[in-house]
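Below is one structure, written out as structure tokens, with a few remarks after it.
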There are 2 protein chains.
Amino acid sequence: MKAIKPTTRDAIIEAAFQIYSEDPTASLADIAVRAGIGRATLHRHFSGRDELLVELAKVAIKDLDDAAECAVTGAQSYTEALRLMMHALVPLASRQWFLSQTSVENHPDILAEYQRQSEEMANDIEEAKKEGCFAADVPTTWIVQAFDNLLYAAWQMVRNEEATAKQAAALAWRTLVEGTGGHLHG
Amino acid sequence: MKAIKPTTRDAIIEAAFQIYSEDPTASLADIAVRAGIGRATLHRHFSGRDELLVELAKVAIKDLDDAAECAVTGAQSYTEALRLMMHALVPLASRQWFLSQTSVENHPDILAEYQRQSEEMANDIEEAKKEGCFAADVPTTWIVQAFDNLLYAAWQMVRNEEATAKQAAALAWRTLVEGTGGHLHG
DNA sequence: CCTTCACGAGACAATTATGTCTCATATAAG
DNA sequence: CTTATATGAGACATAATTGTCTCGTGAAGG
């Protein structure tokens with residue numbers, strides 16, 4: 001029961017993330033095709049759409065958590081940690097996207113994890129504020145929103161092949177902190 | 001045939017925009033309920049989902065175009081026009097959202113209009129660059145992405161009742177131009 | 001060679017979404 | 001009052017999706 005080859009399961013999950021970010025109305029058959037497997041095999045790994053969605057949420061939270069953790073440990077300040085997080089999260093934007101779009105609000109433990117993650121982000125931003133990275137008169141909730149959406153913007157740039165992940169992340173961070181403005185406030 | 005009361009049709013379209021932004025997998029029955037009408041009535045106005053989607057795209061483009069036009073005419077510079085557009089578009093973010101998400105790419109005229117709109121936006125940003133609003137070394141495509149996504153971030157703030165439309169639009173514009181940074185570049 | 005096991009393909013039923021139809025009702029115009 | 005029209009409710013058929021099942025295959029391991 002547990003000896004299922006992990007790559008197939010992973011392929012399903014990755015395909016689901018990809019397709020969901022492109023077309024949220026996609027059917028399970030579409031996901032199976034994208035994963036390069038048969039539809040029956042998908043049902044061997046996940047009893048149905050609900051179970052798959054819950055699993056996607058769990059994986060998304062774990063991947064994002066790991067990436068964030070990894071970024072934070074390599075930083076010597078909250079400001080630097082957030083900058084590293086931007087870079088680490090751009091390739092995982094499909095996960096972030098899934099979590100922000102899907103209403104897994106009925107699953108209490110996933111909702112709790114999601115909220116904990118959000119609070120952690122808000123906390124990091126508050127600390128970065130104290131370090132002088134963000135202006136004190138800008139609401140933290142806005143900075144969180146801006147961070148998430150600029151992250152998504154960076155991902156779109158990469159998807160459109162208009163920038164590399166590194167370039168896009170740098171642009172997103174620069175925009176968040178300094179804006180795209182010219183010399184007017186130098 | 002043409003004497004259909006406009007309010008019912010409008011109610012359907014508005015309900016569809018709302019529901020679509022919340023749950024893209026919603027059924028036509030869900031839209032009918034949200035619009036406060038019977039499911040059969042929806043089919044009297046739109047032959048099916050395809051026709052509804054095309055109509056939504058047309059309405060979205062028109063609403064956005066009107067709002068943008070109105071904003072531009074009241075401005076004396078491209079920079080000011082873009083700032084006014086941000087304010088004008090926040091309440092219409094569900095339209096922007098729909099256009100960016102839905103794949104109406106099979107409909108040639110809608111696709112053409114959408115691209116024309118995108119190019120116009122890119123052009124306005126290029127002009128604003130010349131006015132000194134945006135740094136020359138930032139790609140225009142990124143500024144477009146950032147504008148759209150910060151617009152969406154502002155809309156989320158309003159939806160979460162964490163800010164008024166005016167406040168959120170001001171935050172989005174400030175972030176786009178100056179960023180959320182502190183005193184580091186004052 | 002033989003067994004096991006994950007898999008793909010496809011048949012099948014159940015569920016859901018969609019599109020069409022009829023009928024009764026309400027409302028407004030004549 | 002009468003008529004035209006938009007509507008809601010609901011029956012109905014069709015199509016799409018979903019979930020379950022069986023069978024044959026091919027590869028891994030004994």
Side-chain angles (χ1 to χ4, degrees), chain A residues 1-60 94 98 101-107 110, chain B residues 1-60 94 98 101-107 110:
Chain A
M1 237 342 176
K2 262 299 185 176
I4 293 176
K5 202 199 294 184
T7 58
T8 298
R9 186 187 180 87
D10 294 349
I12 296 171
I13 290 178
E14 192 54 42
F17 275 128
Q18 282 183 24
I19 286 216
Y20 231 89
S21 68
E22 296 168 13
D23 175 19
T25 71
S27 67
L28 296 182
D30 296 330
I31 295 175
V33 169
R34 174 69 66 99
I37 64 168
R39 199 171 64 89
T41 301
L42 196 154
H43 280 284
R44 287 191 185 98
H45 289 268
F46 303 98
S47 68
R49 161 164 265 135
D50 291 344
E51 191 176 311
L52 176 59
L53 256 48
V54 170
E55 200 57 29
L56 286 176
K58 289 180 182 173
V59 171
S94 61
F98 176 85
Q101 288 300 308
T102 308
S103 52
V104 267
E105 273 76 29
N106 15 24
H107 252 262
I110 290 179
Chain B
M1 232 351 172
K2 262 299 186 179
I4 292 176
K5 202 199 292 183
T7 57
T8 297
R9 186 186 181 88
D10 294 349
I12 295 172
I13 290 178
E14 191 54 43
F17 275 127
Q18 283 183 24
I19 285 215
Y20 232 89
S21 68
E22 297 168 12
D23 174 18
T25 71
S27 67
L28 296 181
D30 295 330
I31 295 175
V33 169
R34 174 68 67 99
I37 63 168
R39 197 170 64 89
T41 301
L42 195 155
H43 279 283
R44 288 192 185 98
H45 289 268
F46 304 98
S47 67
R49 160 164 266 137
D50 291 344
E51 191 176 312
L52 175 59
L53 256 49
V54 170
E55 200 56 30
L56 286 177
K58 289 181 181 173
V59 170
S94 61
F98 175 84
Q101 289 299 306
T102 307
S103 52
V104 268
E105 274 75 31
N106 14 26
H107 252 262
I110 289 179

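Since the structure is predicted, the reported quantities are computational estimates derived from the model, not experimental observations.
If you take CZ on A:Phe46 and CD1 on A:Ile13, they are separated by 4.5 Å, rounding to the nearest 0.5 Å.
Distances shorter than 4.0 Å separate none of the side-chain N or O atoms of A:His45 from OP1 or OP2 on C:dA6. Between B:Thr8 and the phosphate of D:dA6, there is no side-chain N or O to OP1/OP2 separation shorter than 4.0 Å. Contact between the side-chain N/O atoms of B:Thr41 and the OP1/OP2 oxygens of D:dT7 is not found at any separation under 4.0 Å. For C:dC21, neither phosphate oxygen OP1 nor OP2 lies less than 4.0 angstrom from any side-chain nitrogen or oxygen of B:His43.
With hydrogens and angles left out, the side-chain atoms of A:Ser27 and A:Asp30 include a donor and acceptor closer than 3.5 Å.
Distance B:Asp10 CG to D:dT7 P: 11 Å, rounded to the nearest Å. The CG atom of B:Leu42 sits 13 Å away from the C1' atom of C:dA17 (whole-angstrom rounding). Look at CZ on A:Arg9: it is 17 Å from C1' on C:dC5, rounded to the nearest Å. The CZ atom of A:Arg34 sits 17 Å away from the P atom of C:dG8 (whole-angstrom rounding). When the C1' atom of D:dT18 is taken as reference, atom CD of A:Glu51 falls 14 Å away, rounded to whole Å. For A:Asp23 and D:dT17, the CG to C1' distance is 14 Å, given to the nearest whole Å. One interatomic measurement links the two molecules: CG of A:Asp50 to C1' of C:dT15, which rounds to 13 Å at whole-angstrom precision. For the pair B:Ile12 CD1 and D:dT7 C1', the interatomic distance rounds to 11 Å; values are reported in whole Å.
Of the charged side-chain nitrogens involved, none lies within less than 4.0 Å of a carboxylate oxygen, so that B:Arg9 and B:Glu14 do not count as a salt-bridged pair.
Side-chain proximity of A:Arg39 to C:dA11, D:dC21, C:dG19: nearest is C:dA11. Comparing C:dG8, D:dG8, D:dT18 against the side chain of A:Arg44 picks out C:dG8 as the nearest.
Under the 4.5 Å side-chain criterion, counting only non-hydrogen atoms from C-beta, B:Glu22 is in contact with B:Arg34.
A:Thr102 places a side-chain N or O within 3.5 Å of a backbone atom of A:Phe98 that can act as its donor or acceptor partner.
Comparing B:Ile37 and A:Ala29 by the nucleotide of DNA chain D whose heavy atom lies nearest to each, the residue mapping closer to the 5' end is B:Ile37.
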